[in-house]
Amino acid sequence: MTGQVDALVVGGGFAGMYAVYRFRQLGLKVKVLEAGTDVGGTWYWNRYPGARCDVPSLEYSYGFSPELEQSWDWPEVFSAQEDILRYANHVADRFYLRRDMQFNTRIVSVEWQEDADCWRLTSEAGEVFEAPFCVMATGCLSVPMKPDISGAQDFRGEVYHTGTWPKEPVDLTGKRVGIIGTGSSGVQAIPELARQAGHLTVFQRTPVYTIPANRKRMRAAVQQEFRDHYREIREMQQHNTGGVSNFRPSRSVQRPAGATRDASRFPNRLLDLDPGQRDALMQAQSLGALLAFRDIYTDIEANDIANELYREAVRRMVDDPVTAERLLPRNYGLGCKRQVLDRDYYETFNRANVTLVDLGETPIGTITPSGIQIGSQHHDLDVLIYATGFDAMTGALLRANIRGRGGYELKEKWAGGPVAYLGLQMSGFPNLFTVTGPGSPSVLCNMLVAIEQHVNWIGDCITYLRSTSQATIEPLPQSEESWVEHVNSVAEGTMYTTPSCNSWYLGANIPGKPRIFMPYVGGFPRYRERCEMETSSGYPGFVIGQD
Ligand code: NA7
């Protein structure tokens with residue numbers, strides 16, 4: 001067994017990194033175990049061409065260190081993967097985080113030791129670690145999903161998954177590249193791959209709603225204004241549903257002289273626009289303008305109108321009418337899935353070296369040694385890329401083989417879907433914490449804000465137990481049940497849970513996974529207040545065990 005620490009943390013992404021910083025501050029000995037060779041989590045693994053964050057970087061950044069905020073320069077408003085990974089490395093260097101991190105260590109079993117009140121973790125290589133507290137900082141989108149397609153193992157070309165893209169450069173020059181999947185990863189990668197490959201074939205099962213991303217370089221004046229207001233901005237994040245301050249720099253800084261804000265010409269509800277105004281809107285603005293109308297998320301009629309306006313806009317962007325029709329999402333509405341942002345997605349299908357294959361018409365038959373067979377047609381490929389998503393939110397936790405009191409398996413507890421209190425703890429699993437677990441705002445929130453709030457809560461909880469000489473904490477079964485009921489009830493009636501919606505939020509992308517809306521849609525402030533109530537009232541929703 002290696003070392004003695006107070007808390008073991010599984011995962012060296014932004015959550016595990018902050019846990020090192022925070023737990024040290026609280027006087028706790030901590031050790032992070034990470035499967036990769038370095039820090040960064042999502043941004044370490046997702047190195048595919050075009051990978052980029054969908055939250056502005058001035059907001060998607062740690063708020064715990066004013067000095068860090070003042071010293072880091074973001075080159076773009078929405079950062080590319082390599083810049084976010086650079087930031088993660090900078091944070092790790094600056095706070096000497098790696099001293100308490102062990103890399104190349106994939107944890108394959110997490111077992112509660114009843115007689116010793118501690119967790120025993122075992123790595124793939126057989127190394128054993130023990131500590132009274134265990135924090136699963138394993139991320140919401142960290143287990144890549146590769147569909148089971150017959151013949152896949154026979155393919156003789158290069159194979160990649162966007163979620164485990166190699167660190168070494170991948171040369172696609174002149175090659176026949178195929179990509180399966182048109183979710184966020186596929187949509188971000190496709191334009192870049194098309195620029196690099198000899199020919200790109202896109203295998204699409206479900207067309208996507210995607211809107212053009214903000215491509216702005218960071219302007220020094222904007223960054224400075226954020227820096228000048230960062231304490232206020234971090235406070236605003238705490239009171240926003242999605243953990244984003246939406247801070248707007250002053251008008252003089254906001255946009256170059258002469259630019260106009262024409263969105264204000266239109267009413268706030270899409271249903272209040274007459275057909276002429278709708279046309280004017282779509283002519284004057286990009287697809288993203290549709291998302292500003294709040295009623296498209298709550299009113300089916302508004303949603304239907306928005307979906308049709310969207311389709312009309314796509315028809316205008318794609319030259320070949322057959323390809324355009326194939327690209328149109330029809331069987332679900334805007335707002336059901338996480339909004340995808342792109343750079344030149346539809347324009348890419350106007351390139352001569354790009355072919356769209358509609359799997360809705362004929363699904364993939366088999367993968368052959370030299371390509372993909374669909375119906376009577378064989379698509380010859382040198383490279384096959386899976387952009388097929390993740391076993392989201394529960395995948396990494398279930399894969400860790402967690403066993404609680406009496407050998408109770410998490411897999412068994414969650415057979416019908418995840419059951420947890422506040423997405424932080426599960427009854428039967430004392431002293432085990434999850435960061436941004438199912439039932440917390442997690443992926444519906446700015447992840448950095450959600451992560452810091454969770455790690456702070458966990459650190460305070462451990463400190464409370466220590467200072468009151470108590471050994472264990474776990475939720476009361478009834479706290480867990482009523483929280484799960486609440487999580488489900490707030491999701492009901494939203495576009496996220498309409499019967500036609502099949503998203504990874506619902507686990508619908510994984511065959512056999514229970515259909516449950518996993519993140520908490522009630523908003524970050526409401527959630528945070530509930531967590532704070534537990535802390536300030538002596539944890540009434542939990543059972544605390546004596547030493
Ligand atoms: P997503 O959003 O789950 O997208 C996965 C894509 O892969 C989607 O288009 C799927 O089609 C497609 N897919 C999955 N299995 C198959 C098979 N068997 N055949 C054909 N196509 C398939 O994952 P992403 O990685 O793009 O994005 C996940 C999140 O990461 C994203 O929301 C951001 O938050 C970052 P389907 O829709 O299931 O028909």
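Numbering of ligands and ligand atoms starts at 1, following listing order.
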To which of [options] does the heavy atom nearest [atom] belong?
atom                    : options                       : result
atom 31 (C) of ligand 1 : Ser185, Ala51, Ser184, Pro144 : Ser184
atom 15 (N) of ligand 1 : Arg205, Met447, Arg52         : Arg205
atom 1 (P) of ligand 1  : Ala189, Gly389, Pro363        : Gly389

Whether the [X] and [Y] side chains hold a donor-acceptor pair (N or O, under 3.5 Å, no angle test) is what I'd like checked.
X      : Y      : answer
Tyr421 : Arg530 : yes
Gln204 : Arg326 : no
Asn303 : Asn307 : yes
Glu59  : Ser245 : yes

Report yes or no: does a heavy atom of [X] sit under 4.0 Å from some atom of ligand 1?
X      : result
Lys337 : yes
Ile364 : no
Thr162 : no
Met145 : yes

When you measure from [atom] to every protein heavy atom, which one gives the shortest distance, and what is it?
atom                    : answer
atom 4 (O) of ligand 1  : Gly183 CA, 3.5 Å
atom 18 (N) of ligand 1 : Pro147 CB, 3.3 Å
atom 9 (O) of ligand 1  : Thr182 N, 2.9 Å

Side chain, backbone, both or neither: Phe203 near ligand 1, heavy atoms under 4.0 Å
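It is neither; nothing of Phe203 touches ligand 1.
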
Go through ligand 1 atom by atom and flag the ones less than 4.0 Å from a non-hydrogen atom of [X].
X      : answer
Gly181 : 6 (C), 7 (O), 9 (O), 12 (C)
Thr206 : 36 (P), 37 (O), 39 (O)
Ala387 : 5 (C), 6 (C), 7 (O)
Leu359 : 20 (C)
Arg338 : 32 (O), 33 (C), 34 (O)
Leu141 : 29 (C), 30 (O), 34 (O)

Heteroatom distance test (Trp504, ligand 1): nitrogen or oxygen, under 3.5 angstrom:
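Yes: some nitrogen or oxygen of Trp504 is under 3.5 Å from one in ligand 1.
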
Please report whether ligand 1 has a polar contact with Ile180, defined as an N or O pair separated by less than 3.5 Å (distance criterion only).
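Ile180 vs ligand 1: no N/O contact under 3.5 Å.
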
Partner of Tyr505 under ring-ring contact (aromatic ring centres under 6.0 Å, His included), chosen from Tyr496, Tyr520, Phe390:
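Among the candidates, only Tyr496 passes.
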
Do the side chain of Asp344 and the main chain of Glu347 share a donor and acceptor less than 3.5 angstrom apart?
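Pair absent, no side-chain N/O of Asp344 close to backbone of Glu347.
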
Does the side chain of Met218 come within less than 4.5 Å of Pro75's, by heavy atoms?
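No, their side chains stay 4.5 Å or more apart.
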
Just so I know, are the side chains of Arg234 and Glu452 near enough to count as touching, which here means a heavy-atom distance under 4.5 Å?
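A side-chain contact under 4.5 Å is absent here.
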
As a test of understanding, state which of Asn350, Leu356, Thr348 forms a side chain to side chain contact (heavy atoms under 4.5 Å, CB included) with Val318.
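So the option named by the test is Asn350.
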
Thinking salt bridges, do Arg526 and Glu529 make one under a 4.0 Å N-O criterion?
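Glu529 and Arg526: not salt-bridged.
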
What distance separates Arg311 CZ from Glu308 CD, expressed to the nearest 0.5 Å?
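One gets 4.5 Å once the value is rounded to the nearest 0.5 Å.
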
On a heavy-atom basis, which atom in Leu291 and which in Tyr297 lie closest, and how many Å separate them?
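That closest heavy-atom pairing would be O-OH, 3.3 Å.
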
